Chemist: 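Structure below; questions to follow.
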Amino acid sequence: MSDMTAAADRAYREALSVIESVEPRIAAATRQELTDQRGSLKLIASENYASLPVLLTMGTWFSDKYAEGTVGHRFYAGCQNVDTVESVAAEHARELFGAEYAYVQPHSGIDANLVAYWAILAHKVERPGLAEKGVKNVNDLSEEDWETLRHRFGEQRLMGMSLDAGGHLTHGFRPNISGKMFHQRSYGTDPTSGLIDYDALLAQAREFKPLILVAGYSAYPRRVNFAKMREIADEVGAVLMVDMAHFAGLVAGKVFTGEEDPVPYADVVTTTTHKSLRGPRGGLVLAKEEYAPEVDRGCPMVLGGPLSHMMAAKAVALAEARTPAFQQYAQNVADNAKALAEGLQKRGVKLVTGGTDNHIVLADIAASFGLTGRQAESALVDSGVVTNRNSVPADPNGAWYTSGIRLGTPALTSRGFGADEFDRTAELIVEVLSNTTAADAPKGGASKAKYVIADGIADRVQAEAEELLGKFPLYPGLEL
Ligand code: DSN
């Protein structure tokens with residue numbers, strides 16, 4: 001055990017006994033969560049395991065400090081240490097991604113996207129009365145000009161990838177505020193290849209003329225060409241915003257370079273910090289300098305006060321992501337996704353787009369096993385394999401039951417899994433799903449939710465998963 005792990009072991013043991021003295025159920029749930037995460041194959045593409053330094057940084061008294069505003073310009077006194085934290089995190093983010101400007105306050109990816117949307121609106125939508133009447137602040141606009149401005153904000157157009165093609169709900173999906181605050185249009189993927197068709201996208205953008213073109217995804221198993229996205233945005237006069245929440249680790253780790261790196265091409269880039277980037281839960285915004293004044297107003301425009309303890313943990317994680325070890329990790333994530341995809345395909349599983357070149361594998365479960373995504377997700381959880389159900393393009397089972405499961409390699413790669421272990425993981429997944437059948441629905445026909453796993457399979461796969469995981473311990477040395 002390294003000195004660092006031994007110190008973390010002591011720290012967590014003492015911390016849990018302090019927590020236990022106040023609310024034992026929370027201490028017990030915290031211990032149980034570690035046991036559960038250690039004992040299952042975590043394949044949720046948006047999850048990971050942060051390092052001990054990142055985890056420890058989250059639990060400090062920075063949580064107790066209010067710090068609305070920005071570095072050196074706060075609405076509260078006594079923010080000198082928060083200023084240090086925010087400056088260091090932003091410096092790492094700028095240097096890691098080669099960005100002109102970084103804002104590290106967003107609490108999540110959704111928050112980061114809201115900050116970006118408002119910043120783009122504020123930067124691009126012409127404000128009546130401000131220039132010609134010499135008004136400096138929107139608060140001083142006349143009622144009439146203010147009304148005009150609100151209408152202008154409400155008239156803007158956004159175009160993002162559709163949910164069932166792999167886009168995110170914040171990219172203009174109607175049940176999300178982005179689908180309500182903008183007139184929205186979605187672009188899909190080619191029905192045969194499952195890939196983005198840039199010519200079709202350009203034709204759609206020409207016709208719709210969005211103010212904001214959003215690139216990025218949550219469930220698209222392929223790389224995006226951001227140079228082409230930039231050309232399309234320029235052709236129609238749109239702002240290019242990229243949500244790289246899922247693949248930020250592959251950008252940071254220099255797996256996505258050149259035209260696959262969104263930062264040089266996009267006006268604004270948003271991300272979470274906890275997915276492939278392997279940091280604490282949170283978000284950040286990178287932008288061209290011209291958007292900085294508006295992005296800086298994220299709090300209080302759409303964000304609550306900054307979570308200084310989380311900004312501190314982001315700084316630690318971003319420092320980790322600047323190391324050669326992280327670059328190797330990112331390459332392994334992509335290589336392992338290929339191994340997982342090949343392991344599934346050679347056992348007869350149909351994959352959306354026929355494979356992967358990022359960290360995501362999207363398996364068409366309905367086509368491969370005659371199950372819904374929901375049945376597959378549940379049968380796998382019963383067997384110690386944690387995934388999530390996901391729509392496939394033009395999904396006949398809708399967004400609730402779905403026809404697919406989404407698998408991702410960031411978490412198990414952090415534990416040290418390589419190609420052999422991902423091939424074995426594919427074997428275990430197929431063993432469960434080929435021994436699972438849809439149960440009868442109460443009103444006749446097949447249920448979309450209930451299922452039956454053949455006797456003994458779930459226990460056997462769970463035991464085999466635990467044996468595999470035992471060779472790659474999570475936080476080794478932590479014996480709580
Ligand atoms: N929850 C994230 C994901 O699973 O992709 C997106 O918000």
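Computed from a prediction, not measured in an experiment: that's the story for all the values here. When a residue number appears, it is its place in the shown sequence, counting from 1. For ligands, and for the atoms within them, numbers begin at 1 and follow the listed sequence.
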Chemist: Which heavy atom of the protein is the closest neighbour of atom 2 (C) of ligand 1, given with residue, atom name and distance?
Modeler: Lys275 CE, 3.8 Å

Chemist: Is there a donor in the side chain of Arg223 and an acceptor in the side chain of Asn358, or the other way round, less than 3.5 Å apart?
Modeler: no

Chemist: Considering the heavy atoms of His168, write down every atom of ligand 1 situated less than 4.0 Å from one of them.
Modeler: 6 (C), 7 (O)

Chemist: Could you verify whether a donor N or O on one side chain and an acceptor N or O on the other, from Asn397 and Ser403, lie under 3.5 Å apart?
Modeler: yes

Chemist: Closer than 4.0 Å to some heavy atom of Ser46 - which atoms of ligand 1 meet that?
Modeler: 3 (C), 4 (O), 5 (O)

Chemist: Does one side chain, of Arg406 or Ser46, offer a donor that lies under 3.5 Å from an acceptor on the other?
Modeler: yes

Chemist: How far is atom 5 (O) of ligand 1 from its nearest protein heavy atom, and which residue and atom name does that atom have?
Modeler: His246 NE2, 2.7 Å

Chemist: Verify the distance criterion only: is there a donor paired with an acceptor across the side chains of Gln331 and Gln327 at less than 3.5 Å?
Modeler: no

Chemist: Out of all atoms in ligand 1, which are within 4.0 Å of some heavy atom of Ser218? Include the element for each.
Modeler: 5 (O)

Chemist: Centroid separation under 6.0 Å, is that true for the rings of Phe182 and Tyr117?
Modeler: yes

Chemist: Are the charged groups of Glu290 and Lys288 less than 4.0 angstrom apart, N to O?
Modeler: no

Chemist: Check Glu47 against ligand 1 and report side chain, backbone, both or neither, counting heavy atoms closer than 4.0 Å.
Modeler: neither

Chemist: Quick one: which ligand 1 atoms are inside 4.0 Å of a heavy atom on Arg406?
Modeler: 3 (C), 4 (O), 5 (O)

